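The structure presented is a predicted model; accordingly, all values stated were derived computationally and were not measured. The chains referred to below are lettered A, B, ... by the order of the sequence lines, with proteins before strands, and numbering in each begins at 1.
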2 protein chains.
Amino acid sequence: MFKVNKLTDYATVVLIDIARTDTVRSSQRIAERTGIPMPTVAKLMKSLHRAGLVASTRGAGGGYSLCRPAKDISVADVIQAVEGPIALTACADTSDEECNIQKLCPVQGKWNRVNTAVRSALSEVTLADMVDEVATFGRKTFDAPAVVTPAVVTSAVVTEVR
Amino acid sequence: MFKVNKLTDYATVVLIDIARTDTVRSSQRIAERTGIPMPTVAKLMKSLHRAGLVASTRGAGGGYSLCRPAKDISVADVIQAVEGPIALTACADTSDEECNIQKLCPVQGKWNRVNTAVRSALSEVTLADMVDEVATFGRKTFDAPAVVTPAVVTSAVVTEVR
DNA sequence: AGTAAACAGGACCCAATTAGTCCCGATTGG
DNA sequence: CCAATCGGGACTAATTGGGTCCTGTTTACT
């Protein structure tokens with residue numbers, strides 16, 4: 001199966017949730033809202049922060065917020081933040097790995113075209129697009145916070161009820 | 001790192017090699033030509049056969065050959081043959097996995113757009129394109145068969161010397 | 001027929017990657 | 001000062017993927 005990390009999936013969930021109500025919120029809060037385990041959220045947010053997608057405020061009352069408007073954050077950005085450079089094979093141009101037989105590898109360079117195509121495809125969809133879809137998806141309200149076990153969560157944002 | 005399997009990389013190498021001289025060849029022979037370990041080649045070819053990318057002939061003198069012209073085999077085909085359906089997240093439409101919270105997952109369906117974009121990007125490059133590039137790459141000849149350890153091979157086709 | 005070459009399918013193991021947890025130090029607001 | 005919160009990184013557990021092997025079937029050739 002050709003797929004993104006589970007963490008990347010989580011990342012979109014978190015970011016979309018933040019984008020919907022643009023306020024500062026703590027990892028703790030994010031964990032509660034999304035159902036993703038708190039330590040995992042913390043780890044995730046560090047990656048997103050290092051990649052410059054979210055801004056962080058330390059200390060009591062601190063937390064995270066989007067660094068740029070949602071329309072300026074693409075799926076490619078998110079993937080790169082969590083998984084590193086998008087390079088379909090080890091010997092592609094943006095890869096930091098090194099192909100040991102580069103001099104004699106006839107396929108070398110050919111994947112770059114594919115990489116570029118994929119990268120641009122992933123750059124075309126932004127968080128804003130996803131937020132839009134979410135907004136029109138038909139919001140649901142729950143009596144109790146919908147608690148889902150981590151293993152089960154794939155892309156869940158628990159709609160705010162408080 | 002967002003990347004394809006090593007097996008998928010191998011697959012392109014093998015298929016490109018077959019495409020270059022369109023004749024039937026055994027797993028054994030393919031292994032020799034590419035430097036990929038024989039058992040791995042065997043496994044790989046089974047996948048490619050099951051996916052309908054190569055035709056197989058059993059018995060002595062048997063082997064594999066392309067099922068369709070190289071220009072009709074895309075990178076997407078190869079990836080799908082080796083890794084299964086291209087579905088970036090578990091809950092995407094072509095996925096056989098099931099998203100347990102589909103009813104309340106607001107992101108659901110949104111990745112499909114991304115999936116489609118990626119899929120079409122991957123469909124645009126065919127084996128024929130890659131073969132062309134290989135042909136003009138500047139063929140090299142070696143005195144001895146270039147033996148590369150499996151761990152090192154990323155995308156190698158050993159140019160025929162016999 | 002008999003034998004050897006080759007594919008088909010699947011079980012299995014080991015290594016590599018990824019997911020997830022935890023700890024400790026730094027920062028900041030009350 | 002204390003509590004809340006981020007930052008970095010070490011560590012463990014779980015999952016996946018790469019690779020091997022075995023057993024059966026098909027086919028060519030003698």
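Of the inter-residue distances, the one linking A:Met1 atom CE with B:Asn5 atom CG reads 11.5 Å to the nearest 0.5 angstrom. Interatomic distance, B:Trp111 CH2 to A:Lys3 NZ, rounded to the nearest 0.5 Å: 11.5 Å.
For the side-chain contact (heavy atoms from CB on, under 4.5 Å) test, no residue two or more places apart in sequence or in another chain qualifies with B:Ser47.
Here D:dA13 presents its P atom at 19 Å from CG of A:Leu7, a figure rounded to the nearest Å. Atom-to-atom, CG of A:Asp9 to C1' of C:dG20 comes out at 16 Å; the value is rounded to the nearest Å. When rounded to the nearest whole Å, the span between OH of A:Tyr64 and P of D:dC6 equals 5 Å. Distance, A:Glu83 CD to C:dA19 C1': 13 Å, rounded to whole Å. Rounded to whole angstrom, the span from the CE atom of A:Met45 across to the P atom of D:dG9 amounts to 18 Å. Between the CD1 atom of B:Ile36 and the P atom of D:dG19 there is a distance of 9 Å, rounded to whole Å. Whole-Å rounding puts the A:Lys46 NZ to C:dA26 P distance at 15 Å. For the pair A:Tyr10 OH and C:dT18 P, the computed distance is 15 Å after rounding to whole Å.
The two residues A:Thr8 and A:Glu83 have their closest heavy-atom pair at OG1-OE2, 2.6 Å. When all heavy atoms are compared, the tightest approach of B:Ser27 to B:Met45 is OG-CG, 4.2 Å. Closest approach of B:Ala70 and B:Ala19 over heavy atoms only: CB-CB, 4.0 Å. Nearest approach of A:Ala121 to B:Ala121, heavy atoms of both residues: CB-CB, 4.4 Å.
Each of A:Gly61 and B:Gly61 was matched to the nucleotide of DNA chain D holding its nearest heavy atom; the match closer to the 5' end belongs to A:Gly61.
Look at B:Arg50 and you'll find a side-chain N or O under 4.0 angstrom from OP1 or OP2 of C:dG9. Contact annotation: B:Thr40 reaches the phosphate of D:dT20 (side-chain N/O to OP1 or OP2, under 4.0 Å). Note on B:His49: every side-chain N or O is 4.0 Å or more away from OP1 and OP2 of C:dC7. One finds a side-chain N or O of A:Ser27 lying less than 4.0 angstrom from the OP1 or OP2 phosphate oxygen of D:dC6.
Residues of residues 51-60 of chain B that place a heavy atom closer than 4.0 Å to DNA chain C, in numerical order, are B:Ser56, B:Thr57, B:Arg58, B:Gly59, B:Ala60.
Scanning atom types as modelled, no donor and acceptor separated by under 3.5 angstrom connect the side chain of B:Lys6 and the base of D:dG18.
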